[in-house]
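Heads up, the thing below is written out as structure tokens.
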Amino acid sequence: MPGVELHRDSSSTRGLTLNSILGIGSESVGAMAEVLLLPSLILAFFVAELTPSYVTIGLAPAVAISLWTLARVPARLLTASRRRQQPWAFGAALIRAGAVAVLAIVTIRIDPAGLTQSGRPLLLTFFLCLMVFTLAAGFGSVPTEALLRSTIRGEEWAVFVRRRSIATLLLCVVAALIVYRLLGASALGFPGNYGRLFLAATVCLIAAAMFVAATREPSLPAATYGPALLSPRALIKPLDDYRFRRFLLFRVLLSLTTAIDPFLFLYAVTRLGVPATAIGGYAIAGVLGWVAAAPIWIVLERRRGPRAVLQSGAVLRLIAPAFALVLPQIAGVAQFRARFPDNSLTVALFGLGFVAIGAALAAQARGNGVYLDALSPRTLAPAYSGLSNGVLAAVAFAPVLGGFLLQRTSFEILFGLVIAIGLAAVFAGGALINVSTRFRDPSDGTTPRFGPNRTPLPSRV
């Protein structure tokens, strides 16, 4: 009978429960893959093993962040008017899994003895695969979000978000432990250790794609029109709002502090004597920083508003470069060296910087979307979001600028400059206007996004 299929999709508790499970699976396993591919830590150090160029090292997180953001623009234009979102989400998931699979196969097959000759081709393959992966991930995030919204009943959404958050946090910790195992002291040598790490990420991405493919998408009428293209005048309209100008200045300054992120671990290895095998421990530190801070930001945002959360995140951003400048002086004291000859305390103290970075990312994930949603008028929300994302996509190349500066000066000058910018970001956060949150999506800031920059999460540890 006509309408039977629609009735089954809309009323079947079993089907809705299955979609919730599949949604939790796809999102949490996808986040697990992102932890395995942290651009500013794992991918940056992978590039550092292949080239001495700081600019090239900084290019890894820059590409990951900027292309993810830009890919969402054509995704909104192409998928908004489509009857079904599942094929788009599944296709993008397969492409990103394929890109990482190619990288894993190429990396595993390379003979470490011939790395001198194969290093440049591997580096080129890495960046090509990274671009494909990032573009597919950014593009696919739009239909995936729409698919989740259409397949999970409104009254179940809050429960779904809570369960997704718990599963995601647990799997992110598991992913950090995998990094510790594959890149630790007992792991294979380079590049085989990274090849197996990329293979683990591929398995996660394939699983996420299968979860998307198994989702039961309801039959919905096709939209009669897609999102209208914003005219240049409409796109710059938010600049007339002084509140938005302050917010954009704060976001730009805070994003500029990421210029040091891909070089922190390299600095620890070359200047502090931290073993390269400690990279897994620092990945765990970043994830645990996020996990521990996320509930704190939720409480703070509800009591004091998103401005307090954003400014607190800016303060935490100062810890990593400050530790980088102070620790060499502490480690050089004779009494310190005599008490800790194995350098273990230096390794542990430097890890606190990554804990702070993870906590700062959680603060931005919680505060950015809520603040911008409360700030922008409903009719101009696409312009506010589009202009903000466009500017931040350009600022995402701050690590490249950091690498350029590092090649001509020193770590100390770069860290000192970033501290000065970070202090400016703290004051800019204090100048933000307190806004009342008219509406809060239950999913805002609850799901970690460590990979290429997602809304609302910025870049990674």
Side-chain angles (χ1 to χ4, degrees), residues 9 15 18-34 36-37 39 63-106 125-152 160 164 168 171 198-223 225-227 229 389 393 443 447 449-455 457:
D9 287 340
L18 178 61
N19 280 340
S20 298
I21 295 173
L22 294 172
I24 292 171
S26 64
E27 291 286 285
S28 58
V29 174
M32 183 178 179
E34 292 175 357
L36 296 173
L37 301 172
V63 167
I65 297 170
S66 60
L67 293 187
W68 192 96
T69 304
L70 294 176
R72 288 175 61 89
V73 176
R76 292 190 181 280
L77 296 175
L78 290 174
T79 66
S81 61
R82 303 296 179 176
R83 182 188 299 272
R84 300 190 63 210
Q85 300 293 321
Q86 189 177 34
W88 295 90
F90 178 65
L94 280 184
I95 292 174
R96 64 175 185 163
V100 179
V102 170
L103 180 59
I105 293 172
V106 172
T125 301
F126 166 78
F127 276 106
L128 289 175
C129 291
L130 178 62
M131 287 189 289
V132 173
F133 167 78
T134 304
L135 288 170
F139 185 97
S141 66
V142 174
T144 299
E145 291 166 5
L147 179 65
L148 288 174
R149 286 291 189 176
S150 66
T151 54
I152 299 174
F160 164 77
R164 179 183 64 178
T168 298
L171 288 185
F198 297 149
L199 185 61
T202 301
V203 173
C204 293
L205 292 170
I206 292 175
M210 294 302 101
F211 284 131
V212 171
T215 301
R216 296 173 57 187
E217 185 175 18
S219 179
L220 299 175
Y225 59 91
L229 288 173
N389 289 336
S443 67
T447 303
R449 299 293 187 185
F450 294 96
N453 185 26
R454 298 196 177 198
T455 303
L457 180 137

Query raised in the report: Just one of V102, L103, I105 clears the side chain to side chain contact (heavy atoms under 4.5 Å, CB included) bar with F198, so which one?
Result: L103
So do the side chains of [X] and [Y] get within less than 4.5 Å of each other, counting heavy atoms only?
X	Y	result
F133	L205	yes
Q85	R149	no
F90	M210	yes

Requested in this report: Could you give me the CA-CA distance, side-chain angles and deciding distance for F160 and L148, then say whether side-chain contact (heavy atoms from CB on, under 4.5 Å) is met?
Outcome: CA-CA 10 Å; F160 164 77; L148 288 174; 4.0 Å; yes
Query raised in the report: Got a second to check how far S141's OG is from E145's CD, nearest 0.5 Å?
Result: 5.0 Å
Query raised in the report: To the nearest 0.5 Å, what is the distance between CG (L130) and CG (L37)?
Result: 9.0 Å
Would a distance-only check, ignoring hydrogens and angles, find a side-chain to backbone donor-acceptor pair under 3.5 Å from [X] to [Y]?
X	Y	value
N19	R216	yes
E217	T151	no
Q86	L147	no

Which atom names give the shortest non-hydrogen contact between [X] and [Y], and what distance separates them?
X	Y	result
T69	I65	OG1-O, 3.1 Å
W88	T79	CD2-CG2, 3.7 Å
A31	T168	CB-CG2, 3.6 Å
M131	L67	CG-CD1, 3.7 Å
L199	A104	N-CB, 3.6 Å
A207	V29	CB-CG1, 4.1 Å

